[in-house]
Each structure stands twice: as C-alpha cells, then as structure tokens.
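Working notes for the structure below.
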There are 2 protein chains.
Amino acid sequence: MSRELRVGLHAAIVAVTGEQPRVLTVPDPAGDLPTALPFGPLDPDQHRTLELGLRAWVQEQTGMELAYVEQLYTFGDRDRASSDADGARVLAVAYLALVRERQLAEERGAWESVYAVLPWEDRREGEPNVLRDHIRPRLGAWVREGADTATRRLRRGRVDITFGSDSAGWDSERVLDRFELLYEAGLVAEAYRDRAGSTRTQPDPGFDEPLALDHRRILATALGRLRGKLKYRPLVFELLPETFTLLRLQRTVEALVGVRLHKQNFRRLVERGRLVEGTGRLESATGGRPAELFRFRREVLHERPAPGVGLPGLPPKRSRRA
Amino acid sequence: MSRELRVGLHAAIVAVTGEQPRVLTVPDPAGDLPTALPFGPLDPDQHRTLELGLRAWVQEQTGMELAYVEQLYTFGDRDRASSDADGARVLAVAYLALVRERQLAEERGAWESVYAVLPWEDRREGEPNVLRDHIRPRLGAWVREGADTATRRLRRGRVDITFGSDSAGWDSERVLDRFELLYEAGLVAEAYRDRAGSTRTQPDPGFDEPLALDHRRILATALGRLRGKLKYRPLVFELLPETFTLLRLQRTVEALVGVRLHKQNFRRLVERGRLVEGTGRLESATGGRPAELFRFRREVLHERPAPGVGLPGLPPKRSRRA
DNA sequence: TAGTAAATTCTCACTTTGAGCATAATGAGG
DNA sequence: CCTCATTATGCTCAAAGTGAGAATTTACTA
C-alpha cells in the first residue's frame, strides 16, 4: 500500500589543492547519470550507523578512508531530483568530509574544482564575471517579473540579502541560500530537470554544469557549513599537511572562504589564538625570504571553547557602523 | 530480503515562559512509552517534504501551527533507542521549532521545563548542584576507570572540554557533547535502555527523567543549536510577543543560553546592532521605573549579514588572554 | 516622605580590529 | 658582487568594541 522508502548516503569530500578547493567526484555508478558525488543506499541490515554506511560506500567507490566526517542535512523533497527513482521515495542524507591533499593520488574518481561547479562563490579576485554579467541581471529580471508589488519587494529583499547589495554586503556563508535562490529563479539547470513543464528558456550553458541528482545542492550546503565552521573550529588543519607555512594556511582559508584576507592581521589572529606553533624548520621554496614551517597545536582544543581561524569582519565592504 | 526502513519526524518545539525555556511534550501516542516529543512516521505518499510531514504530525498531535522550523539532525544508530521497533530499521529526523508564549494556551500537550530534563545546562545561578554533587564526581570516577593511561588522558580531556575546567571554561553551545559524554559514561538512563547487559548500577533517579526514545538527545541537539544560532540570527524574537521590554528580552536570552548577562552591556549590544526600536509606549508593571516597550526591527535582516543578539565573551570565566 | 526597584545614561580602562609602513632574507638577472 | 623582485615578519596607530560599574531617573509602596 505505502510507497517504498529508501535512504541514500552522499559524501561531499573536500580537499584544497593549489589554492583551489576541490570535491571528489566519481562517474555515476549506475552509468547513465552525469558525474556524481560518491553515494550509495543505506543498508538497514549491514550499516550499524549512517556514518559507517557512508564510509563503506566511499571506501568501495573511491578506495578512500575518511578521517573528518560530519553530517550536513537530510533532503527529502518529493519533487526534487533524486527522489522517485523507480516509484520509491528516496531521501538523501548528506555528509561533509575533509581530507588532505596528500591523499589525492591513486584514488579512483576525480577532483573537481568547487568553483567550477559554483562559480559565483569565488570572490578572491573580486566579484566574478558570471555574477556581474549573467546572474545579477537575470536576478533583476526575476525580481521585476514578480506578479505584484509585494512579491517584487520580497524578491528584491531576498536577492539583496543573499547576493549582497550596497547596504548588505556579501555573506560568504550563505552558499545554500544563494543556490536555492538561483534554483527558484530558474537560473540553474537543476530547476529544469525538476519542473519539466517550465516555459522558461534553458539557462546559459557555461556557468552551469550540474552534478547528478541534487549533488550541487549538497555541495552548496557543504561549502556553506565549512565556511561557517572554519571560524570556530580548527577545521583547516584537516586539509593541510603536518607542517605548513603561514601563507599556505592563509591561502587555504582564502580558497575555502572565497575572499582575500589581510596578511599581517591574519597572522596576528592565528598566533594570538595560539593555533599553531613554529617548528624551527624553514621552507625555502617560497620565491622570497624563506618562511618558517608551523604545525597545528592540538592542545588548543583543550584550552579554548571555540578555537578557529578567526575570520575578521572580512576586508571588503563592511556593514556600516551603527 | 532487506529489512524494512522507516523514517520518523520529531519536533522539539521550544518556547520561553516565565524565564524558563520549555519544550512541548505529548503523551506517547502508542500509549506504552513515557512522555515524548511530538513525532510520527514520514508518509512517503502523503508528505511532499519532510518539513510538511513534520508540521502535519504536530498539527495532529497538538493542534499547533508552527512558524519557525529548522531541521536539526538525522539519527540512525541501529543500537540506540527508537530503532528496531518491530524488526524494522527506523531513522529519526529531528527538527527545532520556536513558538511564542501566547500560543501556549489551549493546546494539547504539556510544556516541560527544558532544564528539568537537562538540569546541568542551567548556570544562571552559578554551577548547578547536580553538576557539582553528582555529575562531576561521577565523571571523575569514569575518567579513573579508564583501562590505561591513554584512555584516562583522553577521557579527562573530553570531560574538561565539554564540562569546562580551570583552563577551558563552559561552552554553552556544547549541549549535545555533554549529553553524549554522560551517555557514554553511563550517567543517564538512556544508556541502560540501550545496552541492557551493563554491569553498572542505575544512575541517580532524580536528575534523570528521560523522555521517550532518543528525545532527550534531540532536545540536547535543539538547545545547542538554538544557543549557537542566537548569536548570529535574530531567533529570540520568534519567542517574544510583538513588543517587550529590554529586560524581558535579556531574560529570554539568558533563559536559553543558561547564563546571566551584564545588563548595561547587553542593552548596548542590542541597540548598537539596531535589532530593536522603541515604541513610545511604556510598560509600567515592572516593579520600578516603567520600561519602554521595544519591537524587533525586521529591516535589520536586510541590512546586516548576520544579525543576532551578540552574546559577548560571557561574563564568567573567560579564555585567558594570549 | 523615605525607601526600594528598575530603567537609563555615562565613564573608563583595556582589547581587538583594520590598515599600512618598515625591515629582513633569498633567489634571479645582470 | 650588486640590484631587484618577492615573500616573510615586525611594528605602529587610530578607530571600534568590551567588560565593569557608578550615577541619575522615575515609579510604586509603606
């Protein structure tokens, strides 16, 4: 009588290589879908916990043992992607995993640039072109299309708060909000897959190469969470080798947050937070004066309640003073 | 061949009355369990989204329409509570909902004090007695019981960081960490229900009146999330009437965070953050000089990226300066 | 009319930010 | 060997933000 219920376990496995955040993708196991995040169904008999089930699937599909793993969100909209595979109702439990660059070799799967999938999220070189040339204009159009004044006002407000405006500024953590807004406005391909009967034209192919299922939504959730958590948990160190220079640390954070930081102040924060300690050794391949190699001070976990790489109010546009 | 899979939708519905945070409980629908949070199974056919399913169950069981709702976490450990009802594997998707005190009347169900269920979380009057007289000593014993030095050191570290120590201080957001630690240490009744064959004695009845299933764990998750989010989202206002005095606002925040705040500084933060605006009206039943009634400035949502009731470094013990 | 209870205002001594300038150490190119 | 470009590190400064409390108001109560 009742439709069958299934649960998928999905992993956004993130690393940072060459100043780019990357996510591990695999060819779709079924073979008929585009590239996907590693995922597989929860086996109610075999998987003792959800996380163990996830680890098993990742191990099987990529050969990778995960260290840091964190649950993100459970998606279950009936009319959105994934679901309704063959008449069954399918939920997706999404996870974020962090791995070191070192592990990138020899595994199966490919490391896709996160910003190739979510291009509007990288503001390290200023506002990206896609945003200025494509997204903002179309969002403007979407606002104007609103049926009545109230709708238009509401839409304008959402656009301003998620994508920033003169008064609001860019909140790097609202990655999911931005993706969902683009989805609603019909600016990402996923929107078409889901509401087939839409009358709108296809979005620009180019800033739009979705992953299988709702995996881009999962990635957006992962990036948002990661950006937020970076500030109060020492997650970056899961992505860095044992020792690293302060610049390397900064570049890694910048890659994830998608924003440039003030060098001296960044170092001051890291040092004042006693997050790292110098190893007398130097790294000389810096291109300039050699830099000292530092390592993460694990003891900090026992000293302070919420240690993280304190991102300040972010250098660009600040919310104006009270 | 494969075991049946089911998904439950569970709601921690929180309000604040009389300076106490409360959670809505209902008599267990099945009738043979203790008091529970409102919950019910996801209907794969009827419920279009998980959240709609949740709202439907809450409506049915309590007659309440929810406004603010947020997904918390999905629990699925096989050997822990809820699961394995009648041979099926059961997951629990937990939600947090916030409602106004006004709505507390006429509904079915009872408003249980959150701190009656999680007594060690209320530090408004200083460290609660349960903590000093029962929990800390037992945690100390649990640390000493560790098989080897490494285990003991590890346990000590976890206790210090979750429950605070001289060097670490109390992190009000680690509600779930604390509950899980108590669970592992066998200091909460849930631990016995799950591992029947334990040799330890029953924990003190008294600081231990668990809800059905894993509902205390869900409540711990909810409180932790709420405490964290308060700082960067204007959630408190979901719990307050249209207008309120600044002291009322402060008391509500204190009730949730479980800590006392410095009055003048709290007001400064709220006003500088332009979170509220005065209505010329006064509330005279204050017992002293009448206080002005304020209202939430919704516009703030369009002005700043992360408005919240900035809880400062919290008055008591601070992490020592670098 | 004095006393009590809050609400509101202000101070004050630090700390923490946000921005830059100045110096130091290397490798590359002449 | 000297000069430059390049990156590492130090140091300074002014502007905000914090943590604690004292001082002043305005009602209500006895």
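So you know, we letter chains A, B, ... as the sequences are listed, proteins then strands, and number each from 1. The structure displayed is predicted, hence computed values, not measured ones.
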Fill in the blank from the handout: Applying side-chain hydrogen bond (donor to acceptor under 3.5 Å, both in side chains) to B:E70 and not counting sequence neighbours gives B:Y68, B:R225, B:K229

Exercise for the section: Round to a whole Å and report the spacing from CD of B:E283 to P of C:dA6. Expected result: 13 Å

Practice task
Assess the pair B:F296 and B:F244: is the distance between their ring centroids shorter than 6.0 Å?
Solution key: no

Practice task
Could you state the atom-to-atom distance from CG of A:N265 to P of D:dT12 in whole Å?
Solution key: 15 Å

Problem - Residue met sooner reading DNA chain D from 5', once A:Q264 and B:Q264 are mapped to nucleotides - result: A:Q264

Fill in the blank from the handout: Parsed dot-bracket for DNA chain D after applying the Watson-Crick and G-U rules with both distances under 3.5 Å and | for other-strand partners is ||||||||||||||||||||||||||||||

Practice task
Take atom CD of A:E271 and atom P of D:dG10, then tell me their distance rounded to the nearest Å.
Solution key: 7 Å

Table of protein N/O atoms under 3.5 Å from nucleotides 5-7 of chain D N/O atoms:
{"from": "D:dT7", "atom 1": "O2", "to": "A:R289", "atom 2": "N", "distance (Å)": "3.3"}

Exercise for the section: Would you tell me if any nitrogen or oxygen in the side chain of A:R267 comes within less than 4.0 Å of OP1 or OP2 on D:dT9? Expected result: yes

Completion exercise
Of A:R268 and B:E292, the one whose nearest nucleotide on DNA chain C sits closer to the 5' end is B:E292

Problem - Cationic tip of A:R178 above A:W120 ring, under 6.0 Å, 45° of axis - result: no

Practice task
Give the rounded distance in Å between these two atoms: CG of B:L282 and C1' of C:dA7.
Solution key: 10 Å

Fill in the blank from the handout: When rounded to whole Å, the CG to P distance for the pair A:L269 and C:dG18 reads 8 Å

Practice task
Looking only at side-chain atoms of A:R272, point me to the closest of D:dT9, C:dT8, C:dT16.
Solution key: C:dT16

Completion exercise
Here the gap from A:T221 atom OG1 to A:L72 atom CG, rounded to the nearest 0.5 Å, amounts to 6.5 Å

Practice task
Send over the distance from B:F244 CZ to C:dA7 P, rounded to a whole Å.
Solution key: 14 Å

